[in-house]
2 protein chains.
Amino acid sequence: MRSETIENYLKTIYNLSSDNTRVVTNQQLASKLNFNPASVTEALRKLHELKYVVYEKSYGTRLTASGARMAIDIVRRHRIWETYLVKELGFGWDEVHEIAEELEHVKNDKLINKLAELMGNPVYDPHGDPIPDAKGKFQKDKLITLFEARAKGSYRIMGTSDHSVVFLKYLEKHGLIIGASIHVKTVEEVDGSLLITCQKKEIVISQKVASNIICKET
Amino acid sequence: MRSETIENYLKTIYNLSSDNTRVVTNQQLASKLNFNPASVTEALRKLHELKYVVYEKSYGTRLTASGARMAIDIVRRHRIWETYLVKELGFGWDEVHEIAEELEHVKNDKLINKLAELMGNPVYDPHGDPIPDAKGKFQKDKLITLFEARAKGSYRIMGTSDHSVVFLKYLEKHGLIIGASIHVKTVEEVDGSLLITCQKKEIVISQKVASNIICKET
DNA sequence: ATTATCTTTTAGGCATACCAAAATTAATAA
DNA sequence: TTATTAATTTTGGTATGCCTAAAAGATAAT
Ligand SMILES: [Mn+2]
Ligand SMILES: [Mn+2]
Ligand SMILES: [Mn+2]
Ligand SMILES: [Mn+2]
């Protein structure tokens, strides 16, 4: 199997299984990768043979230890490159994902570690996603979505789970950028919307938006 | 055809044809790319259909204008990355070629131009090879090999045509690095060897070595 | 428990990009 | 010029990685 193919499957399985706690279905993979389900079945059989995943027919797939390690290395490369493009080359946070999708496949530890070092070994990427270190360990800050929070209080925005340009532009428009401090004033029971203040201004955000903002309590 | 496949063919044709002056034979390509000649024939037919090359059966191949432009863009990316890895990330000049072979396929003009800008738009890469600008134009300094020079006088080392690690290490050992000033004191008719001084020390270099050192008269 | 629906797998195909062996064509030497 | 050699092309493979359509299996609803 081509290394780039393997990497894209492992990365996607990883992203869909949130820390390898639940199995990933073929359909999830097919839709994420824009492949036909039949292609996914085939690929999973091969990845199972290669011992990167445990694929149980008609049930689901999870990463083995070695598959998870590979996935985390890819995630590290992806996020280091995104951070580098934004912080060192002046790209916007909404234009780096596509480039990183290519750069993440260049496998050279020294290169990634030098880039990381250059930036002071950052722990979050420009979208707020945590960057694993060279050993594959993540920063252990417990991050939650603003929707999960559902309580009055102060939070700091650490990232987003929706990385689409339209969403990022929306956040930017309202000053809801990474690092911003916000305060939740009221939680509307009817529709889950939140009244928050951010940089002195009051905004109402929908449950849908809230569920895509990653933050930590402050 | 896969874009990376096309790019590797075009780049290799470009490198073998020295400025598109002579046609490239299938055999040259096969041996450079480590492919079977039959595979090369097939690929050239396709590249011809795509109008990247003019392939004349049983005679040879040369790049079209659009093929040459693509090749030069790849060469630019390759050499910008090599320069970046050496100048900004502290890699040795003998370890960057392999990495650049991968990075050169990431096609994003903004990325390459930002990297180039960051370094002050360098005109030579760490091996002394010229870097075309964003429009595909090369610096026009006439560079020759020390063997072609064959005359007493002063020169500056601008690069090498043999990029192997063993050759680069040899040069390094004798201080024959890029940018070094050397002076040719005698040319030995018998075997073409040269007696030169470099950083106050006298060295005899063989014709073989001389023919792989690229320099310009000073 | 039976049916309807949704998911997964199987089966059969296709394009890409390579290969080895044989046939052809071109170049070189006798 | 004719043989010999060398380069190229043709032919008939293989492995990858995707596809569609049909069959089988699992899940949910009545
Ligand atoms: Mn990303
Ligand atoms: Mn990211
Ligand atoms: Mn190189
Ligand atoms: Mn170079």
Side-chain angles (χ1 to χ4, degrees), chain A residues 1-18 22-63 67 70-71 74 101-102 104-107, chain B residues 1-18 22-63 67 70-71 74 101-102 104-107:
Chain A
M1 255 178 130
R2 273 206 331 137
S3 140
E4 208 176 302
T5 309
I6 294 177
E7 288 179 7
N8 282 330
Y9 273 100
L10 296 183
K11 181 184 62 165
T12 309
I13 294 166
Y14 180 83
N15 286 331
L16 287 170
S17 66
S18 36
R22 52 175 114 274
V23 295
V24 172
T25 66
N26 294 22
Q27 198 170 70
Q28 286 177 301
L29 277 169
S31 99
K32 218 26 145 186
L33 291 163
N34 268 108
F35 290 157
N36 187 291
S39 309
V40 171
T41 302
E42 272 182 301
L44 289 177
R45 243 199 317 254
K46 284 175 206 155
L47 290 171
H48 184 106
E49 294 227 320
L50 293 167
K51 305 261 169 72
Y52 291 131
V53 305
V54 178
Y55 155 64
E56 290 181 76
K57 199 167 146 170
S58 285
Y59 165 64
T61 303
R62 60 193 167 72
L63 295 169
M70 269 191 78
I74 300 156
E101 286 289 308
E102 294 189 56
E104 71 187 7
H105 299 293
V106 176
K107 269 195 300 287
Chain B
M1 254 176 131
R2 279 187 54 218
S3 141
E4 209 176 302
T5 310
I6 294 177
E7 288 179 7
N8 282 330
Y9 272 100
L10 296 183
K11 181 184 63 166
T12 309
I13 294 166
Y14 179 84
N15 286 331
L16 287 170
S17 66
S18 36
R22 52 175 115 275
V23 296
V24 172
T25 66
N26 294 21
Q27 196 170 230
Q28 286 177 299
L29 277 170
S31 99
K32 225 8 151 192
L33 291 164
N34 270 110
F35 290 156
N36 187 292
S39 309
V40 171
T41 302
E42 272 181 302
L44 290 177
R45 243 200 313 255
K46 284 175 206 155
L47 290 170
H48 183 107
E49 295 228 318
L50 292 168
K51 305 260 170 69
Y52 291 131
V53 305
V54 177
Y55 156 63
E56 290 182 74
K57 201 168 145 169
S58 286
Y59 165 64
T61 302
R62 61 192 167 72
L63 295 170
M70 268 191 77
I74 300 156
E101 287 290 309
E102 295 189 57
E104 72 188 7
H105 298 292
V106 176
K107 271 196 299 289

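In what follows, chains carry the letters A, B, and so on, assigned in the order in which the sequence lines appear, proteins first and then strands, with residues in each chain numbered from 1.
- Between the CG atom of Asn34(A) and the P atom of dG17(D) there is a distance of 18 Å, rounded to whole Å.
- With rounding to the nearest 0.5 angstrom, the OH atom of Tyr9(A) is 13.0 Å from the CG atom of Leu50(A).
- Thr41(B) has its side chain within reach of Tyr55(B): a pair of non-hydrogen atoms, C-beta onward, lies under 4.5 Å apart.
- In this structure, Asn36(A) and Val40(A) have side chains that are not in contact, with every pair of non-hydrogen atoms separated by 4.5 Å or more.
- For the pair Lys46(A) NZ and dT16(D) P, the computed distance is 7 Å after rounding to whole Å.
- When side chains are defined from C-beta on, Leu29(B) does not count as touching Thr25(B), because their heavy atoms never get closer than 4.5 Å.
- The terminal axes of the helix from dA1(C)-dT30(D) to dA30(C)-dT1(D), fitted over 5 pairs per end, subtend an angle of 0° to the nearest 10°.
- Note on Glu4(A) versus Lys11(A): no salt bridge recorded, every NZ/NE/NH1/NH2 to OD/OE distance being 4.0 Å or above.
- Between Gln28(A) atom CD and dC6(C) atom C1' there is a gap of 15 Å when expressed in whole angstrom units.
- Side chain of Ser17(A) to main chain of Ile13(A): a donor-acceptor pair is present (N/O by atom type, distance under 3.5 Å, no hydrogens or angles).
- Here Asn8(B) lies out of heavy-atom contact (under 4.0 Å) with every strand.
- Few gaps surround NZ on Lys107(A); more than 12 heavy atoms of other groups in view lie less than 6.0 Å from it.
- In this structure, the side chain to side chain donor-acceptor pair (under 3.5 Å) partners of His105(B), at least two apart in sequence or on a different chain, are Glu7(B), Asn8(B).
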Within the sub-3.5 Å range, which N or O atoms of nucleotides 9-11 of chain D have a protein N or O partner, and how far apart are they?
{"unit_1": "dT9(D)", "atom_1": "OP1", "unit_2": "Tyr55(B)", "atom_2": "OH", "d": "2.7"}
{"unit_1": "dT9(D)", "atom_1": "OP1", "unit_2": "Ser58(B)", "atom_2": "N", "d": "2.6"}
{"unit_1": "dT9(D)", "atom_1": "OP2", "unit_2": "Asn26(B)", "atom_2": "ND2", "d": "2.4"}
{"unit_1": "dT9(D)", "atom_1": "OP2", "unit_2": "Thr41(B)", "atom_2": "OG1", "d": "3.1"}
{"unit_1": "dT9(D)", "atom_1": "OP2", "unit_2": "Tyr55(B)", "atom_2": "OH", "d": "3.1"}
{"unit_1": "dT10(D)", "atom_1": "OP1", "unit_2": "Lys57(B)", "atom_2": "NZ", "d": "3.2"}
{"unit_1": "dT10(D)", "atom_1": "OP2", "unit_2": "Arg45(B)", "atom_2": "NH1", "d": "2.7"}

